[in-house]
Structure formats: C-alpha cells, structure tokens
Number of protein chains: 2
Amino acid sequence: MEKQEKTKLAKEETGAREQLEHAKRGSVGQVLMRCARLVNEEGLERVSKKVGVRLRPAHTALFPHIDLEGTRLTTLAERMGVSKQAVGQLVEELVSWGVLERVVDPEDRRARKIHFVGGAQALMEGLQVLGEVEGELAEALGEEDWQHLRVLLVRLLGVLEHREISH
Amino acid sequence: MEKQEKTKLAKEETGAREQLEHAKRGSVGQVLMRCARLVNEEGLERVSKKVGVRLRPAHTALFPHIDLEGTRLTTLAERMGVSKQAVGQLVEELVSWGVLERVVDPEDRRARKIHFVGGAQALMEGLQVLGEVEGELAEALGEEDWQHLRVLLVRLLGVLEHREISH
DNA sequence: GACAATTAGTCAAGTACACTTTACTAATCA
DNA sequence: TGATTAGTAAAGTGTACTTGACTAATTGTC
C-alpha cells in the first residue's frame, strides 16, 4: 500500500521549490501564467472570506462586468463571451448566497438587472478587497516598478488582442 | 426558436471590443490573466500545428518539465504538483500521438524515462516554436521593454511565491 | 389592434477537461 | 522476505462550460 501522500504537503513543499526553480528559468509565458494564477487565487480567497462563501474563479471573473447600475444577463454573457445559460448558472449561485440580486428592469419587463446586494457600496468594498492584494504587491515591488509593469502588460495585451481580432 | 447564435462570431466580434475596453481599465490581475491566457493559446495552437494533433493546455504545461535525457513519471508529477496518475494520462495520450515515448530506465527497471520522440532535436524544435511566439511579442513590444517585463514578472513571482511557502 | 417574430431569461441534460481516489502489479531495496 | 517504490487501471469528481427546448414579455407588421 502506497497511500499516495502527495496532496497539500507534497504540493506546497516538495513541489514548490522545483516549480519555482523551473519558473525562474522558464519562458515569459510560463511566468505570466504562474503569476496570474497566484494573484487570482489570493484575491479569490480574500473575497471569499469577506463574502462568507467559497467563491470560484468563474464567479469573480463575473464581477468586473457588472455595472454599478446593474447589468442584464444577456449583456454579461456578451461581455464574457459565453452563453446566457453559463452566466445564468453563476448568477443563480451568487443570488442564492446573497451576493447578487435580480430586479425586473422597468424598461423591459422580460429583462432583469443583476447587481450587488447592498448596491454600489458592496461593489466598492468587494473591489477594494481585490485592490488590497494589488496594493500589497505594489508595495513589495515598489510603486514605480508596479506602474511600469502595469503599462507593459497593457501594451502586451494590446499586441495580443490585435493579432486576434482587428487588423 | 432563438437558435442561440453566440459561438465563434459573437465571441470574436461582439464580445472582443467589450472585453478589450474592460480589460484596459481592469486591475493588473485581470490584465495579467488575460495576457497569460492569450500567450498560452497562441503557443498551444502553433505547437499543435507542428505536432499534427490538437494538444490541450495540460499537455504543453508538461513539456518544460521533461529534461533532455528523459524524466520519470514520478518526477514529473512532483514537479507539477499533481498525482502520478494525472501525469500518466497526459503522457499516455502524447505517446499514442507519437509525441513522447517511454523507455525502461536501465538503472531501475521499474521506472521508465519519458522523452520526446526524436530526442533532443524534437524537443528543441518544439521549444523553438514556443519561443517564436515570444520572439514576435518581444519584437512588437521592443526588446528593451520585453526584457524589462520579464524581470518585473520574475520579481512579482518571487513575491507571490514567498507569501505562500517559505517564511 | 391582432398576431407573428423576436428577445430575455430559465430548465434540464450533456460534455470536455483536468484532475482525484482506490486498488492493483512488478521491480527493487533493506 | 517483507517493505517500499514506479507505474498502471479504472472509476469518480468538480468546474465550467455547451446544446436543445421552453415560457413570458415585447416589438414590428399588416
């Protein structure tokens, strides 16, 4: 019997050093991937703690697309590039957890506007928590370098988007 | 009947502009995420074309962990922080597609060393294709800024890793 | 103003991927 | 020889979707 004792410990101790060594020598793409994953996980954990439910990446990916005045399901689906049903499922969970609510749009009674429970305030707080992580990283890296990183990433995104769509 | 005509077109036309606008104003985390995904997709597509099979992200994630002289399944699993079985499944597919092969390790006949078919040459070519993408991005961004981005990302990774494991 | 077509959203089921757990064989080490 | 280790086999799980079929509100057309 081997008992397969990988899990947490192995993942965070045995694996981590190996991973770090490889990542440092890896391609920019690899480093990019790893940074993105870690930043994401950290933010996810904090927002989850704040909200009191274990959110998943798909949930937080939804948040930045929800406008202060509320947004329709269909609009969210378009913005995210997925089906209405996919968004519907995520929204359904968030509503059941008391994070979001759906209110009938008086301008079109078929539609409902989705917004944060507690309105703008709650939204702001949520974004603030996400911002906290970035604030700490900015501090660790130095404000100047952090801003530089931001600019470079936005430029990179511009290049990447260009190759795919326009032009 | 609505026919649900999202798919490709909507995703790349309707969605893309909305997405880009949001991403540019988004947090560093968001931009990071999006860049990583796009770089990854691009590399994946090119390697797939070269190899002649549609590889998935999990496959290419495996590649940088395979050493020139071949690597054991268990070692790969440790490096990647997943179970041996998970790696086993990916390797199995890649072997069936003729990308990798398993050869018995003469030093320990329980073990097999996993390496690229065609040996170092094939590995080099594969990595070269991945490098191509980065080369083009470097050109688009300017070599100086690209290197700067690289340095900043590695530093960011250092900060992120530190928070999680050591200390 | 009636009615067909469209649109917003829901319901239910299915799928792809990237894993995991449990259970095993075969080779090696102590 | 008994315990460990390398790897395999098979089935199960969680996430993030998709497709197809449907209801209800609305809009455009005659």
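Protein chains get the first letters and strands the later ones, always in sequence-line order, with residue 1 at the start of each.
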*asked:* I'd like to know if A:Q85 reaches the base of D:dG20 with its side chain, counting only an N/O donor and acceptor under 3.5 Å.
replied: yes
*Contact under 4.0 Å: B:T74 side-chain N or O vs D:dT5 OP1/OP2*: no
_How long is the straight-line distance from CG of A:L32 back to CZ of B:R150, given to the nearest 0.5 Å?_
11.5 Å
*Output all residues satisfying salt bridge (Lys or Arg N to Asp or Glu O under 4.0 Å) with B:R109, sequence neighbours left out; order by chain, then residue number.*
none
*Rounded to the Å, how far apart are B:M80 CE and C:dT20 P?*
10 Å
*Do the side chains of A:L152 and A:R155 get nearer than 4.5 Å, heavy atoms only?*
yes
*Starting at atom CZ of B:R72, determine the distance to atom P of C:dA27, rounded to an integer number of angstrom.*
15 Å
_Candidates D:dT8, D:dG7, C:dG9 - which lies nearest the side chain of A:K84_ = C:dG9
*Would you say a side-chain N or O of A:R102 is under 4.0 Å from OP1 or OP2 of C:dT10?*
yes
*What residues, two or more places apart in sequence or in another chain, satisfy salt bridge (Lys or Arg N to Asp or Glu O under 4.0 Å) together with B:R110?*
B:D108
*To the nearest Å, give me how far apart CZ (B:R112) and P (C:dT25) are.*
16 Å
*Do the non-hydrogen side-chain atoms of A:H115 and A:E101 ever get within less than 4.5 Å of each other?*
yes
*asked:* Measure CD/A:E92 against P/C:dG9 and give the value in whole Å, please.
replied: 14 Å
*For B:E45, salt bridge (Lys or Arg N to Asp or Glu O under 4.0 Å) partners two or more places apart*: none
_Closer than 4.0 angstrom, basic N to acidic O: yes or no for B:R46 and B:E136?_
yes
Polar pairs (N or O, both sides) under 3.5 Å between protein and nucleotides 28-30 of chain C?
{"from": "C:dT28", "atom 1": "OP1", "to": "B:R109", "atom 2": "N", "distance (Å)": "2.5"}

Using a cutoff of under 3.5 Å, can you pull out all pairs of nitrogen or oxygen atoms linking the protein to nucleotides 14-16 of chain D, with atom names and distances?
{"from": "D:dA16", "atom 1": "OP1", "to": "A:A58", "atom 2": "N", "distance (Å)": "3.2"}
{"from": "D:dA16", "atom 1": "OP2", "to": "A:R56", "atom 2": "NH1", "distance (Å)": "2.6"}

*May I ask you to say what B:A111 touches in the nucleic acid, namely base, sugar-phosphate or nothing, with a heavy-atom cut-off under 4.0 Å?*
sugar-phosphate
*Starting at CD of A:E78 and ending at C1' of C:dA8, how long is that distance when rounded to a whole Å?*
11 Å
Contacts table for residues 86-100 of chain B: side-chain donor-acceptor under 3.5 angstrom, sequence neighbours left out:
{"from": "B:E92", "atom 1": "OE1", "to": "B:R102", "atom 2": "NH2", "distance (Å)": "2.7"}
{"from": "B:E93", "atom 1": "OE1", "to": "B:R56", "atom 2": "NH2", "distance (Å)": "2.8"}
{"from": "B:E93", "atom 1": "OE1", "to": "B:H59", "atom 2": "NE2", "distance (Å)": "3.0"}
{"from": "B:E93", "atom 1": "OE2", "to": "B:R56", "atom 2": "NH2", "distance (Å)": "2.6"}
{"from": "B:S96", "atom 1": "OG", "to": "B:E93", "atom 2": "O", "distance (Å)": "2.7"}

*Taking only N and O in the side chain of A:S83, is any of them less than 4.0 Å away from OP1 or OP2 of D:dT18?*
yes
*Would B:R112 and B:L73 satisfy side chain to side chain contact (heavy atoms under 4.5 Å, CB included), going step by step from the backbone distance to the final call?*
CA-CA 7 Å; B:R112 333 246 198 116; B:L73 190 74; over 6 Å; no
*What's the CD-C1' distance between B:E93 and C:dA18, to the nearest Å?*
10 Å
